[in-house]
Amino acid sequence: MFVDPKKIQDSAVVVYDTDQQWRQILTRELHVVGFQNVLQVNAPKEALEAILGFGAEAICTKHDLELVRFLRTHKASPNRDIVIILVTAISAPTTSLPSATAASPRS
């Protein structure tokens, strides 16, 4: 799928995390892929306010499933259709997942 770089550059993204270092890492990575309009917040309430006040089209968070659930289901959600970039990680370095090509039959 092709994404217009101009659309990415103009999109507003809220980065929410309670840890300043993680906010900086997530913001840096968003900049690397082309997002320039990024606002960092450190509390769920600030994230909700920023979605409206900043005009965010996406929110990036590392672990707050409660916020994700609120955004998607609560009647007070500022935008139930907002794009959510949820960053996750596997904590055990020995864990390995099969690749998509290894799992699919070859023709």
Side-chain angles (χ1 to χ4, degrees):
M1 179 164 91
F2 175 76
V3 178
D4 182 358
K6 180 72 172 151
K7 179 153 176 59
I8 287 175
Q9 184 179 3
D10 294 340
S11 296
V13 181
V14 171
V15 171
Y16 160 62
D17 198 278
T18 56
D19 182 276
Q20 180 181 9
Q21 187 174 3
W22 267 107
R23 287 192 309 271
Q24 291 172 340
I25 290 168
L26 295 173
T27 298
R28 183 183 66 234
E29 294 305 313
L30 288 168
H31 285 157
V32 166
V33 297
F35 291 97
Q36 299 303 311
N37 198 10
V38 180
L39 175 68
Q40 296 181 20
V41 298
N42 67 0
K45 183 178 179 183
E46 289 179 39
L48 296 173
E49 291 169 353
I51 290 169
L52 289 175
F54 187 58
E57 299 167 90
I59 183 166
C60 179
T61 186
K62 132 175 139 322
H63 65 283
D64 197 330
L65 295 178
E66 189 174 327
L67 177 63
V68 170
R69 188 175 297 113
F70 179 89
L71 286 169
R72 287 290 185 247
T73 64
H74 200 277
K75 65 181 177 181
S77 172
N79 181 353
R80 287 186 186 175
D81 297 321
I82 192 164
V83 172
I84 298 172
I85 303 167
L86 187 60
V87 178
T88 61
I90 296 172
S91 61
T94 58
T95 303
S96 117
L97 300 174
S99 71
T101 55
S104 65
R106 296 183 187 250
S107 342

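The first residue in the sequence is number 1, and the count goes up from there. When reading the values below, keep in mind they use all heavy atoms of this one structure, side chains included, and skip hydrogens, waters and symmetry mates.
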Q: For side chain to side chain contact (heavy atoms under 4.5 Å, CB included), just list the numbers for R28 and I25, CA-CA rounded to whole Å, side-chain angles, deciding distance to a tenth of an Å, and then say yes or no.
A: CA-CA 5 Å; R28 183 183 66 234; I25 290 168; 4.1 Å; yes
Q | Same cluster (ILVMFWY, side-chain, under 4.5 Å), I51 and V68 | A | yes
Q: Quick one: closest heavy-atom pair of D19 and W22, and the distance?
A: OD1-N, 2.8 Å
Q) Do V32 and L26 share a hydrophobic cluster, counting only Ile, Leu, Val, Met, Phe, Trp and Tyr and linking them when any side-chain heavy atoms are less than 4.5 Å apart? A) no
Please tabulate, for the side chains in residues 71-86, all donor-acceptor contacts under 3.5 angstrom to protein atoms that are two or more places apart in sequence or on a different chain.
unit_1: R72; atom_1: NH1; unit_2: R80; atom_2: O; d: 2.7
unit_1: R72; atom_1: NH1; unit_2: I82; atom_2: O; d: 2.8
unit_1: R72; atom_1: NH2; unit_2: I82; atom_2: O; d: 2.9
unit_1: T73; atom_1: OG1; unit_2: R69; atom_2: O; d: 2.7
unit_1: H74; atom_1: ND1; unit_2: A76; atom_2: N; d: 2.9
unit_1: S77; atom_1: OG; unit_2: L71; atom_2: O; d: 2.7
unit_1: S77; atom_1: OG; unit_2: N79; atom_2: N; d: 3.3
unit_1: N79; atom_1: OD1; unit_2: D81; atom_2: N; d: 2.9
unit_1: N79; atom_1: OD1; unit_2: I82; atom_2: N; d: 3.1
unit_1: R80; atom_1: NE; unit_2: H74; atom_2: O; d: 3.2
unit_1: R80; atom_1: NH2; unit_2: H74; atom_2: O; d: 3.2

Q: Please examine the side chains of V87 and C60, heavy atoms only from C-beta on, and report whether any two atoms are closer than 4.5 Å.
A: yes
Q: Flag the pair I59 / L67 as yes when at least one side-chain heavy-atom distance between them is below 4.5 Å, and no otherwise.
A: yes
Q: Under the salt bridge (charged side-chain N to carboxylate O under 4.0 Å, His left out) rule, what do R23 and D17 come out as? Steps first, then yes or no, please.
A: CA-CA 6 Å; R23 287 192 309 271; D17 198 278; 5.7 Å; no
Output a table of donor-acceptor pairs, distance under 3.5 Å, between side-chain atoms of residues 36-50 and any protein atom two or more places apart or on a different chain; print 'none' if there are none.
unit_1: Q40; atom_1: NE2; unit_2: T27; atom_2: OG1; d: 3.0

Q. If Ile, Leu, Val, Met, Phe, Trp and Tyr residues are connected whenever their side-chain heavy atoms lie under 4.5 Å apart, and connections chain through other members, are Y16 and L65 in the same group?
A. yes
**Q.** For E66, all residues meeting side chain to side chain contact (heavy atoms under 4.5 Å, CB included), sequence neighbours excluded
**A.** D64
Q: Please report the closest heavy-atom contact between F54 and V13, naming both atoms and the distance.
A: CE2-O, 3.6 Å
(Q) Testing the basics here: between G55 and A12, what is the closest heavy-atom pair and its distance to 0.1 Å? (A) O-CB, 3.7 Å
